[in-house]
K.L.:
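One structure, pasted below without further comment.
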Amino acid sequence: MLSLRSCCYSLTHSTLSHHLKIYLNLSPSLCAVSLSSPKPFSFKLILSPNHTPKSTMSSRPSAFDVLMSNASKKKAQSQTQQSSPKKRKTLESNTTNQNPRKTQTPNSETQLLNEPKLDGKEPNCSNSKPIEETRVANGSKDDQQTPKLDVKKRRLISAHDSIVELKKKAANFSPQKAAFWGEGDKVPFLFLVKVFDAISKESGRIAITEMVCNMLRTVIQMTPEDLVAVVYLSANRIAPAHEGLELGIGDASIIKALAEACGTKDTQIKKQYKELGDLGLVAKASRSSQPLMRKPEVLTIAKVFDTFRLIAKRIEESGKDSQEKKKNHIKALLVAATDCEPQYLIRLLQTKLRIGLAEQTLLAALGHAAVYTEKHSSSPPDINSPLEEAAKIVKQVYSVIPVYDKIVSALLTGGVWNLAKTCSFSPGIPVGPMLAKPTKGVSEIVDKFQDMEFTCEYKYDGERAQIHYMENGSVEIYSRNAERNTGKFPDVIAAVSRLKKSSVTSFVLDCELVAYDREKQKILPFQILSTRARKNVVMSDIKVDVCIFAFDILYLDGQPLLQEQLDARREHLYNSFEEEPGFLQFATAITSNDLEEIQKFLEAAVDSRYWSMFLT
DNA sequence: TAATTTGCATC
DNA sequence: ATCGGCT
DNA sequence: AGCCGATGATGCAAATTA
């Protein structure tokens, strides 16, 4: 009842070319996986080099294979010691959860969309309606003067044209033609929703990127003030992760709001949910079967985004009746929604757009859009593909400062080619952490890096943390997902402040926080760590101690180290902190390209974890 | 006040 | 965190 | 190889309900 994982990964933050980290640890959290697989142990490698020479997979026995068989023996011993009830429990829950939950893969949805069982009071978003005239779109000024019904008809017709235009190749695309609102006017929510809908029917990344790019170009051209909101909604975010704004809305709340907005019962909605497998579709179906009263106003991007933020704000304010207030906000939006707006409104609230568009594609599209928009752009002459390059720049910048507000404004004022200068790392804002990527076997790694020196270090089974210590002495701790965890680890703040060398005035430390028994000097399993309180923790209340296993430093004494090589950063790390067992230790590491040596290192790591976990 | 539901974080 | 599918 | 989405186990915290 124990699983084992081993990971390799080369380091983060771009420029560490020739280095590879091998991480090892035992992971009780993977028990379920292990049990359901033929092998009692789950053993994997994680690798993510920044540049990857091609190599062929070799099937010859590798260090890991050898290690694996050793480990299996040990495990056989430990399994007998382990209590079995837990095993059964997980098994049971697994099987009971197996309940056949409707294949809600893209299939079911497309089928449903194609079924014209909804009465066509209005053109359905999935179908193209005949177009009468094409030129209407320009009279946007008139829109405000003409009766609403007319406005709406026109919108729908021209919205369709808009999509046709947006699907064009970027080179032939004209932002003016795609827009069906006036220059400087608020961007209609319908515009974004139509793009979402078109994207959902497209599986090719290139095509999706192009559509998003065209959409962004249109917004930049017509209503640049709305660009930030458009980007946030496209990313399905409400705010930068580190700001801690949460919608606090889940399926249960959505079902309630939906039921009220449609005048039906919860049970009815739930039933439909089971049938359709998607609350967005339920919303769409329910809405279009509603007798629509006159809408107060056309939904705009800004309105939707602002409302989302209002919903999120409630979390920080009074807690009473917060759900009720949220529900009313949602209802208001739903009532004003037409066409397929309800569908995507709901999906946005669920934070599950599932459209095939996510962060990376959005960033690429943002870069592309900037290239097209900046006519005067002095794109460096030595560049083959400006588009690719721009996408790369935007992604790079985002990884260092994941705040759309800043990136968008820097993009609009300074342009892509200056972006890295106008928008860069800022202490106090968490850097996107480099994550481990699984690979099949060690042979891959050995082959790839045979002629390079690389480095290995333990991967401890705890919680990733990025500790920012600012010049003014304030400290923030961020999680793997850039959530602010500061209030959860006052002990870590104390430790880090005490153990930094006195000459150090500021830093950003990348580390793993691991539950630790200081009496016995043992690392404790993740399970224990997870029982720590999470909010407003007071030192004296702490039950589970934590040891900081530091493995990288990204910023030191006012200077970003993101461009440095890993070995240089390690030097900085070792020079900037004092180790103290049980409080702060450096991740155990070796540097070598010798297979045998690495294998020994791995075995040692496994042994140390193994004993510390079971000989308590 | 105590139990239950809901949301959401970690892995 | 793992997994599989798509391009 | 990169990106996206679907999925699981577990545990705290807040809101609701009994």
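Chain letters run A, B, ... following the sequence lines, proteins first, then strands; residues in each count from 1.
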K.L.:
How many Å lie between NZ on A:Lys352 and P on B:dC8, as a whole number?
P.N.:
11 Å

K.L.:
Between B:dC8, B:dT6, D:dT16, spot the one nearest the side chain of A:Ser322, thanks.
P.N.:
D:dT16

K.L.:
Please give, in whole Å, the distance from B:dT10 C1' to A:Leu513 CG?
P.N.:
12 Å

K.L.:
Using a 4.0 Å heavy-atom cut-off across all strands, classify A:Ile206 as base, sugar-phosphate, or nothing.
P.N.:
nothing

K.L.:
Between A:Val400, A:Ile401, A:Val394, which is the residue that forms a side chain to side chain contact (heavy atoms under 4.5 Å, CB included) with A:Val397?
P.N.:
A:Ile401

K.L.:
Going by heavy atoms in the side chains, are A:Leu310 and A:His329 under 4.5 Å from each other?
P.N.:
yes

K.L.:
Any non-hydrogen side-chain atom of A:Val475 less than 4.5 Å from a side-chain atom of A:Thr486?
P.N.:
no

K.L.:
Roughly how many Å is it from CD in A:Gln396 to P in D:dG2, rounded to a whole number?
P.N.:
15 Å

K.L.:
Look at the side-chain N and O atoms of A:Asn481 and state whether any lies under 4.0 Å from the OP1 or OP2 oxygen of B:dA9.
P.N.:
no

K.L.:
Can you tell me if the side-chain N/O atoms of A:Ser479 get under 4.0 Å from OP1 or OP2 in B:dA9?
P.N.:
no

K.L.:
Below 4.0 angstrom from OP1 or OP2 of C:dC6, is there any side-chain N or O of A:Arg205?
P.N.:
no

K.L.:
OP1 or OP2 of D:dT16 sitting under 4.0 Å from any side-chain N/O of A:Lys327?
P.N.:
no

K.L.:
Does a nitrogen or oxygen in the side chain of A:Thr361 sit under 4.0 Å from OP1 or OP2 of D:dC3?
P.N.:
no

K.L.:
Can you tell me the distance, in whole Å, between the CG atom of A:Leu349 and the P atom of B:dT6?
P.N.:
17 Å

K.L.:
From the set D:dG11, B:dT6, B:dT10, return the single nucleotide nearest to any side-chain atom of A:Thr531.
P.N.:
D:dG11

K.L.:
How close or far is atom C1' of B:dC8 from atom NZ of A:Lys488, stated in whole angstroms?
P.N.:
12 Å

K.L.:
Of the nucleotides D:dT16, B:dT6, D:dT10, which one has an atom closest to the side chain of A:Ser253?
P.N.:
B:dT6

K.L.:
Residues two or more places apart in sequence or in another chain: which of them pass side-chain contact (heavy atoms from CB on, under 4.5 Å) with A:Glu359?
P.N.:
A:Arg237, A:Leu363, A:Tyr398, A:Tyr404

K.L.:
Identify, with sequence neighbours excluded, every residue that meets side-chain hydrogen bond (donor to acceptor under 3.5 Å, both in side chains) alongside A:Asp491.
P.N.:
A:Arg532

K.L.:
Could you state the CG-P distance from A:Asn485 to D:dA13, rounded to the nearest angstrom?
P.N.:
12 Å

K.L.:
From CG of A:Leu529 over to P of D:dC12, roughly how many Å is that when rounded to an integer?
P.N.:
11 Å

K.L.:
If only side-chain N and O atoms of A:Gln360 are considered, is one of them under 4.0 Å from the OP1 or OP2 phosphate oxygen of D:dC3?
P.N.:
yes

K.L.:
Please pick, from D:dG5, D:dG11, B:dT10, the nucleotide with the shortest atom-to-atom distance to any side-chain atom of A:Ala358.
P.N.:
D:dG5

K.L.:
For the pair made of CG in A:Leu363 and P in D:dC4, what is the distance, rounded to whole Å?
P.N.:
9 Å

